[in-house]
Every structure is written in C-alpha cells, then in structure tokens.
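Only one structure is covered here, and it is reproduced in the block below.
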Amino acid sequence: MSAFNMPEMHSDEFVLWQALLEKQTGLWLPESRKTFLVAALSRHMKEKSVKDYSELYSRLNAGSVSVLDWASLVDSLTVHETCFYREKASLQIVLSYCRNTLMDRFKQFPGQPQHIQLWSVGCSTGEEAYSLAIELDKLNVGFKEANTGSAYFGVAGVDISYPSLAVAREGIYLGRQLNFVPQVTKNTYFNRLSDEYYQIKDHIRQRTCFIQGNILDLQAKVKQEYDVIYCQNVLIYFKHERKLEVIAQLTKRLKPGGLLVLGHGEITSVNSDELTRVNNKHCLAYLRKDEEKRMAE
Ligand SMILES: C[S@@+](CC[C@H](N)C(=O)[O-])C[C@H]1O[C@@H](n2cnc3c(N)ncnc32)[C@H](O)[C@@H]1O
C-alpha cells in the first residue's frame, strides 16, 4: 500500500492498463499520469468492493462490468476542463465561415430560410456548444434585422462522459464560470437563477442537443453530415495514429465544402487529399474539398 492507502501498481501492470484504456477510449496515459490512474482505479475498486487491480482489469477486459460502471471509470480518467469562449481564434473562424456560407446560400435561394449544422466533438459540460450557439444566434439576429435572410442552426455536442453531458443538458453554471462571457451576452442569453447560478435561456438550449458517444466509434453513432465540426482540446490526449484515424472519421461526416476546426498545436499537419488547410496562423482549420473539385484535380 502507498502512503495514501492506494495499492501500488507495478510497471508491467501499468502498461496493461495503458493499453486497455487506449483501446477503449483512445486516451493515452503517459507514465507521468500513473498516480492519477492509480487514484481513479482505487476509488472505483473501493466503490465496487474489488480487491485488486488485476481483478478489476480482468472484469473490464472480459466486458463483465456494466456499461455505466465502465463509463464512470472512464469519466474519472478523462479531463473535462472547459469554459465559455475558450478558443477565440477558432470561434472566429467558425463565425466567418458560417456568415459567408449563409450569405452564399441566401443569394442562391432567395427568400428561403437556410440550415446550418455544427458539431462540438468532446463537448464536455457544454460551454463550447453554447458559445457556438449564442454566436450563431447573434449572427442570425443580424441577418434578420438587415433583411438578408434567416437561418435555422443547430449545435450537437458529443462526449463520452455521462456526468458532463448531464450538466450540458441542464445548462446551469456558476456565476464565476461566466467570467469570459461579455456582460451584454450574459444579460441576453442567461437567466439568473440565484446569486450563484445562471442558466442558458431556452431558445438557445432548444438549438442544441447533447449525445453520449465515443469518438473512436463514430461510425455506429453519427450518421448526419455537418457544415462545421469543431474538435478542440480532445485529440491532445490521443496517440498520433489515433488522431489521424479520428480526423479521417470526422472528415467523412463533413459536408462537401464543410469546415473542420482542430485544436491549435494538437496535431502538426494533416495529409488528406479530402482536406485543404485554411490559411490562418492562429488556428488549425481545414475545408473538405468539393467532390467535383476533387475529381477535377
Ligand atoms: C479537455 S475537454 C475539452 C472540452 C472542450 N472541447 C473545450 O475545448 O473546452 C475533453 C473532453 O473530451 C472528452 N473525451 C475524451 N475522450 C473521448 C472519447 N473517446 N470520445 C468522446 N469524448 C471524449 C472528455 O470526456 C472531455 O469532456
């Protein structure tokens, strides 16, 4: 036992756990995160009255634990840190893209409302999806006021973590979590519930939906195609080959001409003949090539 009453884990055991987690979630725990793994597993073993790591490992590996138990373990091993308006340059590129795309569609189909669908991948407790939805609503209000057109937009959030998604669906946050939200936005888009808590207004919550899913298993869960796929601060925990696999899957779910925004610095470059890099040094974004253009190349 260690000083904090956590059973010690040998290096060969750690390697097995590393591989199991990587296989199930894509999450790659470096040696430096061993204490974090040990703490999470010890908590779980105590709750489930499991006597040691190897018993827990065998149960998980054999699939003889409930989906919810597995999910709660994964939840304690993943990082859920997020906040409103977190990646400003990436948000900016999404807004420019949506503005230009909608303007083109309004011109092409005058008088017809247009649809635009966004996807926040690894959405955690929802702040990212709501930041996108709020900014799209502002864009839409501007279009309506200028009589340019009107858009139906939707933002879907996907995450592996059930507890994070429960928070996202409620859309209730502590006042201090709104520190990066401009005051006017706070007044327009949040209801004050008490001295401490604020809730996203219904008309924005109705434009969002939150779905549980593993991004390594997108084929099974996500059938729809999106105009924008926004994946920030998720790939950082994956090994290089996994990152490329996930990016290939995400690309398949982009509409032709759609925008894929990845975390700046999470991957150096993506070599795909389906994607063109957007020229912007502050963020990492790609456009899915139009099928016709791709065939003509
Ligand atoms: C650090 S948070 C990033 C949240 C948000 N994208 C942001 O940038 O603020 C990473 C999120 O990715 C989720 N995640 C990690 N592995 C995942 C997987 N295999 N499938 C789906 N979500 C995953 C975690 O549960 C966590 O909520």
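Both ligands and their constituent atoms are indexed starting at 1 by order of listing.
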Discussion item. Quick test of your reading of the structure: of Leu21, Thr25, Ile215, Val79, whose heavy atom lies closest to atom 10 (C) of ligand 1?
Written reply: Val79
Worksheet item: Are the aromatic ring centres of Phe210 and Tyr130 under 6.0 angstrom apart?
Response: yes
Item to complete: Check whether the side chains of Glu81 and Asn233 place a donor and an acceptor atom closer than 3.5 Å, and report yes or no.
Response: no
Worksheet item: Short N/O distance, under 3.5 Å, between Ile160 and ligand 1?
Response: yes
Fill in: Proximal atoms of ligand 1 relative to Gly122 (non-hydrogen, under 4.0 Å)
3 (C), 4 (C), 5 (C), 6 (N), 11 (C), 12 (O)
Worksheet, complete the sentence: Note: ligand 1 atoms sitting under 4.0 Å from heavy atoms of Gly213 are 20 (N), 21 (C)
Item to complete: Enumerate the atoms of ligand 1 whose separation from the nearest heavy atom of Ser124 is less than 4.0 angstrom.
Response: 4 (C), 27 (O)
Practice prompt. Using a cut-off of 6.0 Å, state whether more than 12 heavy atoms not belonging to His203 lie near its atom NE2.
Written response: yes
Worksheet item: Is the backbone of Ile236 close enough, under 3.5 Å, to the side chain of Glu266 for a donor and an acceptor to pair up by distance?
Response: yes
Worksheet item: Backbone or side chain, does any N or O of Asn214 fall under 3.5 Å from an N or O of ligand 1?
Response: yes
Worksheet item: Is the shortest N/O to N/O distance between Val158 and ligand 1 below 3.5 Å?
Response: no
Discussion item. One pair to check against ring-ring contact (aromatic ring centres under 6.0 Å, His included): Tyr189 and Phe84. What are the steps and the verdict?
Written reply: CA-CA 13 Å; Tyr189 290 99; Phe84 286 98; over 10 Å; no
Item to complete: Select the closest option to atom 5 (C) of ligand 1 among Glu128, Glu81, His80, judged by heavy-atom distance.
Response: Glu128
Practice prompt. With heavy atoms only and a cut-off of under 4.0 Å, state how Gln232 meets ligand 1: side chain, backbone, both or neither.
Written response: both
Worksheet item: Below 6.0 angstrom between ring centroids: does that apply to Tyr197 and Phe190?
Response: no
Worksheet item: At the 4.0 Å heavy-atom cut-off, does Leu216 count as touching ligand 1?
Response: no
Worksheet item: Do Trp17 and Tyr57 have ring centres separated by under 6.0 Å?
Response: yes
Practice prompt. Without swapping roles, check the side chain of Arg205 against the backbone of Arg169 for a donor-acceptor pair under 3.5 Å.
Written response: yes
Worksheet item: Between Phe36 and Arg33, is there a cation-pi geometry (under 6.0 Å to ring centre, at most 45° from the normal)?
Response: yes
Discussion item. I'd like to know if Ser120 contacts ligand 1, where contact means a heavy-atom distance under 4.0 Å to any ligand atom.
Written reply: no
Worksheet item: Which of the listed options, Phe84, Tyr85, Tyr237, Phe238, holds the heavy atom that is closest to atom 16 (N) of ligand 1?
Response: Phe238
Item to complete: Run the numbers for me: atoms of ligand 1, each under 4.0 Å from some heavy atom of Asn233, listed by number.
Response: 1 (C), 2 (S), 3 (C), 7 (C), 8 (O), 10 (C)
